[in-house]
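Take a look at the structure below.
Labels below follow one simple rule: chain letters A, B, ... track the order of the sequence lines, proteins then strands, and each chain is numbered from 1.
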Amino acid sequence: MNKSFYVTTPIYYVNGLPHIGHAYTTIAADCLARHKRQRGFDVYFLTGTDEHGQKILKAAEEKGLTPLAFVDQIIPRFKEAWKKLEISYDDFIRTTEPRHIQAVQYFLQKLLDQGDLYLGQYKGLYCVPCEVFWTEKQAVGGLCPDCHRSVEVIKESNYFFQLSKYQDWLLKYIEEHPDFIAPESRRNEVLSFLKENKLEDLCISRPQARMSWGIPLPFSPDHVTYVWFDALINYLSALGFPKDEEKLNKFWPSVVHLMAKDILRQHTVFWPIMLKAVGLNPPNKIFAHGWWQVGEEKMSKSRGNVVNPLDLIDEFGIDVCRYFLLREVPFGLDGVFSKDALIKRFNGDLANDLGNLVYRTLTMDEKYFDSKIPLLHEESLDAFARQELLPKIKNIPCKIDEALERLDFITALESIWGLIGAANKYIEVTKPWNLKKENKIKELENFIAILIEVLRVIARELLPFMPQTASKITAQIGSEHVKKGDPLFPRIVEEKK
RNA sequence: CGCGGGGUGGAGCAGCCUGGUAGCUCGCGAGGCUCAUAACCUUGAGGUCGGCCGUUCAAAUCGGUCCCCCGCAACCA
């Protein structure tokens, strides 16, 4: 049986349209999924949408729609975006689907039955017009931070989940599993949080009367499930929890959860404890990546500086966007997005290094051998090819495996670009135009043959990162004859102003 | 003294754990080559490694202290 690999994005909250942050997480997950498939793993790649909660209800009311009608209208926009980005997900889960609702209700019932839930009083500062609870620190001077009207103390009866019961277990687990939470700075953040605070019990319900848009508690018609409790379970319901034991055993817990850093705590504190409570292992890895900033500010809808990923694709193509997002900034750190930076990457890495290497190689093969691909004779290769090209060709897959294990997309890509650089240098060192003049056909044949082999390796290893480009290169090379087309990445010449 | 991350040539980063010629990418200067998308290859200029004090034969790297920037500080997705 093949090894299995499960990768998830968060389920995106659909009170808005997909933006570059959503695309970033999803592209990263897609890259990992494609890579593992290529290496022979059985892969399950899950994405989806989070459709319950206060904000959805409000957004729907503003549009005069029922919540379900509202989300039904948004979901296609996400699916279209992922289709356009050629995201190779295996499953798209919606929290309004029966399979998910059943899983959540089973989960809740089990917790209740084993005594992990209790009915208590939720007390909080509530802003009635905004319909939002605030903490004491947030509501400075008893005022709502949003609308600046005064908040009221509200008490309501709700169900609670006793997190603190599992706190010591979680702390120990994180300490004993250094790779569980990444990057390390985030891991430290969670550790210090757990060491310095006693976990409060998590309020996992909302009164149906105040907030109706959620999954009903199976044991209380007066309550619906708190959205986060509902949402996290999606990672299990997509595996057929609790019924499909075969699928569950196959893919759990060999999972990597990807997300932006703002939802780290829910995934590293609530989620492992929830799993522990129902007798499942924590996920293998939880990775929180950074935010993209436009100019100086964090990208957000309210600031109106959102970069629409679909517009970018129209302008530059899928692969260029994928390459830029994965190559420009270490996964885990914040980055600054700008078109200038993207164009720089395009011209430098893609046009000059990769595109030009492919094009000049194909041109030479066309000129010297009428596009026929000569046979490679490894034993008679020159010193440079043996020392600089062959070892790289051999090592790249392993280097990429290691790098992607750490979600280090940059190092993985750099290993490919190391080969591209060596090949460009090889052409310079070998001076094939001289070989041609001197009629050294054998040498010339081997020279072209090894370069084409290099292109094959590049195309193969680039596939998870730039699927379209990889197929284009493969198609250009063919098996016996090359088919030189247009340059892969025509240089972008910026207009003078 | 809440916890954590960071301040390295014009820009963005690596190096720091395991002290000993400060490295990479981009940009800029010069040269080479012509198969190629003014691309490619070689080479040069440019750094008090945030400030100060200390340990040491020797500190970007260890210790102390100060300054500045950025995260986290929970039930809001």
Side-chain angles (χ1 to χ4, degrees), chain A residues 10-16 49-56 95 122 124 127 130-135 137-138 145-146 158 160-161 163 183-197 199-204 206 226-232 259-266 269-270 290-291 327-330 333-336 340-341 344-345 347-368 410 414 417 420-421 423-436 444 447-448 451 484 486-493:
Chain A
I11 44 176
Y12 301 114
Y13 203 63
V14 287
N15 61 343
T49 45
D50 185 6
E51 309 184 8
H52 291 122
Q54 182 83 60
K55 288 186 183 175
I56 301 273
T95 55
Y122 183 82
C127 175
C130 295
E131 300 177 28
V132 170
F133 276 100
W134 300 103
T135 61
K137 281 178 189 171
Q138 287 170 324
D146 269 0
N158 270 314
F160 287 83
F161 175 40
L163 292 178
E184 207 182 341
S185 55
R186 298 292 156 203
R187 175 175 185 266
N188 292 339
E189 218 173 272
V190 176
L191 276 174
S192 68
F193 169 73
L194 285 172
K195 282 178 191 163
E196 284 160 31
N197 301 281
L199 290 178
E200 290 172 19
D201 294 349
L202 182 67
C203 178
I204 58 99
R206 297 291 182 265
Y226 165 51
V227 261
W228 263 113
F229 201 87
D230 158 0
L232 288 162
M259 72 212 63
K261 62 184 182 181
D262 53 340
I263 55 173
L264 178 71
R265 175 160 302 155
Q266 288 84 349
V269 179
F270 299 169
W291 280 327
R327 174 63 187 81
E328 181 73 1
V329 172
L333 300 184
D334 289 351
V336 177
D340 283 354
K344 237 176 191 175
R345 286 280 168 206
N347 282 339
D349 301 353
L350 299 180
N352 297 351
D353 294 342
L354 173 59
N356 187 44
L357 173 66
V358 173
Y359 197 70
R360 68 199 297 209
T361 302
L362 297 184
T363 302
M364 283 187 283
D365 188 38
E366 193 178 63
K367 275 194 183 170
Y368 300 149
I410 291 185
E414 277 175 347
W417 257 256
I420 293 171
N424 272 324
K425 189 167 176 179
Y426 181 53
I427 297 173
E428 218 56 44
V429 171
T430 311
K431 303 189 195 313
W433 46 94
N434 287 346
L435 295 180
K436 177 67 179 172
L444 201 54
F447 166 79
I448 294 290
L451 278 181
K484 189 176 95 167
D486 295 327
L488 291 169
F489 304 101
R491 252 185 97 80
I492 296 170
V493 182

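- Between A/Tyr122 atom OH and B/A74 atom P the separation is 12 Å, expressed in whole Å.
- Rounded to an integer number of Å, the gap from A/Lys344 NZ to B/A11 C1' is 7 Å.
- One atom, CG of A/Asp262, and another, C1' of B/C76, lie 11 Å apart when rounded to the nearest Å.
- Residue A/Trp417 holds its CH2 atom at 8.5 Å from CZ of A/Arg327, rounded to the nearest 0.5 Å.
- Taking atom P on both nucleotides, B/C49 is separated from B/G9 by 9 Å, rounded to a whole Å.
- B/A11 and B/C57: their P atoms are spaced 37 Å apart (whole Å).
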Expected string for nucleotides 36-45 of chain B under the B/S/- scheme (protein heavy atoms, under 4.0 Å, primed atoms plus P, OP1, OP2 as sugar-phosphate) is BB-SBSS---
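- In terms of position along RNA chain B, the nucleotide closest to A/Pro330 lies nearer the 5' end than the nucleotide closest to the other residue of the pair A/Tyr226 and A/Pro330.
- The gap from the P atom of B/G10 to that of B/C28 amounts to 16 Å, rounded to the nearest Å.
- Taking atom C1' in both B/A73 and B/G15, the straight-line distance is 33 Å, to the nearest Å.
- For A/Glu189, the listed nucleotide lying nearest its side chain is B/G71; candidates were B/G2, B/C35, B/G71.
- Annotation: B/C35 and B/G47 have their C1' atoms spaced 39 Å apart (nearest Å).
- Mapped onto RNA chain B by nearest heavy atom, A/Arg186 and A/Leu333 fall at different nucleotides, with A/Leu333 at the one closer to the 5' end.
- One finds the NZ atom of A/Lys436 at 7.0 Å from the CG atom of A/Leu444 (value rounded to the nearest 0.5 Å).
- Rounding to the nearest 0.5 angstrom, the gap separating the CG atom in A/Asn424 from the CG atom in A/Leu357 is 4.5 Å.
- Atom CG in A/Asp334 sits about 12 Å away from atom C1' in B/G6, given to the nearest Å.
- Heavy-atom minimum distance, A/Asn158 versus A/Cys203: CB-SG, 3.6 Å.
- Rounded to whole Å, the P atom of B/G64 lies 29 Å from the corresponding atom of B/G23.
- Annotation: salt bridge (Lys or Arg N to Asp or Glu O under 4.0 Å) contacts of A/Lys261 (sequence neighbours excluded): A/Asp334.
- Remark: P of B/C75 and CD1 of A/Ile204 are 17 Å apart, rounded to the nearest angstrom.
- Within 4.0 Å (heavy atoms only), A/Arg327 reaches no atom of the nucleic acid at all.
- Shown here, B/G4 forms a base pair with B/C70; the pair counts as Watson-Crick or G-U wobble because both key distances fall under 3.5 Å.
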- Apply side-chain contact (heavy atoms from CB on, under 4.5 Å) to the pair A/Ile56 and A/Val14, showing each step before the final yes or no. CA-CA 7 Å; A/Ile56 301 273; A/Val14 287; 3.6 Å; yes
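- With both ends at atom P, the span from B/A39 to B/C26 equals 12 Å, rounded to whole Å.
- Distance CD1 (A/Ile410) to C1' (B/A14): 11 Å, rounded to an integer number of Å.
- Between A/Trp433 and B/U34 there is a side-chain N or O to OP1 or OP2 distance below 4.0 Å.
- A close approach under 4.0 Å does not occur between any side-chain nitrogen or oxygen of A/Arg345 and OP1 or OP2 of B/U25.
- In terms of heavy atoms, A/Asp230 sits closest to A/His52 at OD2-ND1, 2.6 Å.
- Here the straight-line distance linking atom NZ of A/Lys55 with atom OH of A/Tyr13 works out to 7.0 Å at 0.5 Å rounding.
- Of all nucleotides listed (B/C75, B/C72, B/C3), B/C3 comes nearest to the side chain of A/Glu196.
- Nucleotide B/G23: paired with B/C13 (Watson-Crick or G-U wobble, both distances less than 3.5 Å).
- Contact check on A/Arg187 versus A/Glu184 returns no salt bridge, with no Lys/Arg side-chain nitrogen under 4.0 Å from an Asp/Glu carboxylate oxygen.
- For B/C76, its base never sits under 3.5 Å from the side chain of A/Gln54 at any donor and acceptor pair.
- A/Phe193 places its CZ atom 19 Å from the P atom of B/G71, with the value rounded to the nearest Å.
- Nucleotide B/C33 is matched to nothing when pairs are restricted to Watson-Crick or G-U wobble geometry with both distances under 3.5 angstrom.
- Taking the P atom of each, B/C24 and B/G46 are spaced 16 Å apart, rounded to whole Å.
- For the pair A/Lys195 NZ and B/A73 C1', the computed distance is 16 Å after rounding to whole Å.
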